[in-house]
Amino acid sequence: MSDDILMVGAGLSGAVAGRALAEAGFRVTVADARAHVAGNCHTERCAETGVMVHVHGPHIFHTGNETVWDYVNRFARFRPYRHQVRTTLGGKVYAMPINLLTINQFFGRALRPDEARAFINEQAEPGSEAPRNFEEQALAMMGRALYEAFFKGYTEKQWGCPPSALPASILKRLPMRFNYDDNYFAHPFQGMPEEGYTEMVARILDHPGIALQLGRRVTPQEARAHDHVFWSGPLDAWFGHDAGRLGYRTLDFERFTASGDWQGCAVMNWPDADVPFTRITEHKHFAPWESHEQSVLYREYSRACGAEDTPYYPIRLAAEKAMLAEYATRARAETGVTFLGRLGTYRYLDMDVTIAEALEAARGFIAARAEGRAVPAFMAEPL
Ligand code: UDP
């Protein structure tokens, strides 16, 4: 196969799609502007403390997709990990996500599951139609008191806008339970790669059909010179941002170290509006099978992403959606490029979905080539 395929980005999307193409016999160049693979799930062992640090913030692998679970287990030894989060509100610590303990702690009650369900039903404000945004979803699910305490301030800090401007889907990421299960995720498969995500992605990329070029920033002009390019950089960057910049939130991490166990859990949320950060991550708790005397922590601050910042969360408000629709229409008219991943399709993607879509994109490419069809710009639609 003589195709000269360029994969822009050595994050999960580029690595997984690149590997699938290489295994099918294609030769693939994977280029990334950064000096390391794994994109924003990059992990690095701190030389001073020995702690494995999630450099771009917490990444917990969880999935309901057995194919994806089998896939990641081919490239890394996954250790059992169960994500637990706490939240400090007004000087008191509560369980997250909202569960029977949170409800009983917050309202000073000792309700059993059915009683709690009835109690929350009384507080809920279901509205006359299906919830149209984050706030309506929260009011319908849990009522005003819990929403204002645990979600309103946190969400305003995280997203920089009123929750009524955000899609309901953001809140639907979190379960709400009427028992004492405080597992942050509801998926059947959950774990942490023993040697970190960067090692796992490096193994995915380790194939004779893949040439890895780190520290190489590819321009769309250079990319077009290849038979086909998979672009996992920002969709708007492909067009030189000429119709405007799609909005993102970026994160600033204030790193500090401590001795022993500083907060007792991996992630502590801070929903109070007058606390400037959203959460504190204590990285050693991501590897409960290791033991370290010292601890590395990140205070996490969210703000609007400038041109030079690292994009983390696509915002997708009304203005972004109109701009996205314009870029997506133009992207569909392109030939020789497929847009992939969180930045390429401007969606809030979890790692497992990113992997599933990258596998699907490679399959779609292989089938299109075999049948002599044009390769679509999107295998997963951004809108
Ligand atoms: N959220 C909140 N309070 C919390 C936790 C989450 O308001 O204590 C909201 C917030 O808007 C966040 C969203 O729920 O962006 C999804 O939370 P998740 O933990 O999935 O966010 P991530 O870890 O992806 O940043």
For the student: nearest non-hydrogen atoms of [X] and [Y], plus distance:
X: Leu205; Y: Ala10; answer: CD1-CB, 4.2 Å
X: Ile98; Y: Phe151; answer: CG1-CE1, 3.8 Å
X: Val275; Y: Lys157; answer: O-NZ, 2.8 Å
X: Ala20; Y: Ile366; answer: O-CD1, 4.2 Å

Does any N or O in the side chain of [X] come within less than 3.5 Å of the main-chain N or O of [Y], such that one atom is a donor and the other an acceptor?
X: Asp350; Y: Val353; answer: no
X: Tyr154; Y: Ala149; answer: no
X: Arg82; Y: Gln190; answer: no
X: Arg299; Y: Asp252; answer: no
X: Tyr346; Y: Gly247; answer: yes
X: Arg245; Y: Cys305; answer: no
X: Asp272; Y: Asp274; answer: no
X: Glu282; Y: Gln263; answer: yes
X: Ser295; Y: Ser259; answer: no
X: Thr102; Y: Ala95; answer: yes

Answer yes or no: is there a side-chain heavy-atom contact under 4.5 Å between [X] and [Y]?
X: Val53; Y: Tyr298; result: yes
X: Leu166; Y: Cys161; result: yes
X: Leu89; Y: Gln105; result: no
X: Ile103; Y: Phe178; result: yes
X: Gln213; Y: Val218; result: no
X: Lys284; Y: Gln294; result: no
X: Tyr184; Y: Val267; result: no
X: Phe61; Y: Phe189; result: no

Would you mind checking if [Y] and [X] are paired as a salt bridge, meaning a charged N to carboxylate O distance below 4.0 Å?
X: Arg203; Y: Glu195; answer: no
X: Glu148; Y: Arg144; answer: yes
X: Arg177; Y: Asp182; answer: no
X: Glu381; Y: Arg332; answer: yes
X: Arg224; Y: Glu334; answer: yes
X: Arg369; Y: Asp227; answer: no
X: Glu23; Y: Arg74; answer: yes

Roughly how far, to the nearest 0.5 Å, is [atom2] of [Y] from [atom1] of [X]?
X: Leu21; Y: Arg363; atom1: CG; atom2: CZ; answer: 11.5 Å
X: Glu300; Y: Arg279; atom1: CD; atom2: CZ; answer: 4.0 Å
X: Leu297; Y: Arg255; atom1: CG; atom2: CZ; answer: 9.5 Å
X: Phe106; Y: Met142; atom1: CZ; atom2: CE; answer: 11.0 Å
X: Arg303; Y: Arg249; atom1: CZ; atom2: CZ; answer: 9.0 Å
X: His285; Y: Met268; atom1: NE2; atom2: CE; answer: 10.0 Å

Carefully, step by step, assess Asp4 and Arg27 under the rule side chain to side chain contact (heavy atoms under 4.5 Å, CB included). CA-CA 6 Å; Asp4 155 36; Arg27 297 201 71 76; over 6 Å; no

Go through the steps to decide whether Thr63 and His187 satisfy the test side-chain hydrogen bond (donor to acceptor under 3.5 Å, both in side chains), and finish with yes or no. CA-CA 5 Å; Thr63 189; His187 279 143; 5.4 Å; no

Write out all pairs satisfying ring pair (Phe, Tyr, Trp, His ring centres under 6.0 Å) with one or both partners inside residues 353-383, taking only residues at least two apart or from two chains. Phe26-Phe365, His228-Phe365, Phe230-Phe365, Phe339-Phe378

What about the rings of [X] and [Y], do their centers lie closer together than 6.0 Å?
X: Phe78; Y: Trp69; result: yes
X: Phe256; Y: Trp262; result: yes
X: Tyr348; Y: Trp159; result: yes

Assign the ring pair Phe286 / His54 to parallel, tilted or perpendicular, where the plane angle (0 to 90°) is split at 30° and 60°. parallel

Taking the inter-plane angle between the rings of His56 and His36 on a 0 to 90° scale, is it parallel (under 30°), tilted (30 to 60°) or perpendicular (over 60°)? tilted

Should Trp231 and Leu343 be marked as a side chain to side chain contact (heavy atoms under 4.5 Å, CB included) after you check the CA-CA gap, both sets of side-chain angles, and the distance that decides it? CA-CA 9 Å; Trp231 181 264; Leu343 302 177; over 6 Å; no

Tested for side-chain contact (heavy atoms from CB on, under 4.5 Å) against Val30, the lone hit among Ile210, Leu6, Val8 is Ile210

Kindly indicate, with the supporting measurements, whether the criterion side chain to side chain contact (heavy atoms under 4.5 Å, CB included) is fulfilled by Phe150 and Thr155. CA-CA 9 Å; Phe150 295 109; Thr155 297; over 6 Å; no

Got a sec: does the CD of Glu371 have more than 12 other heavy atoms crowding it under 6.0 Å? yes

Arg216/Glu222 under side chain to side chain contact (heavy atoms under 4.5 Å, CB included): CA gap, chis, key distance, verdict: CA-CA 11 Å; Arg216 176 181 170 207; Glu222 287 171 78; 3.5 Å; yes

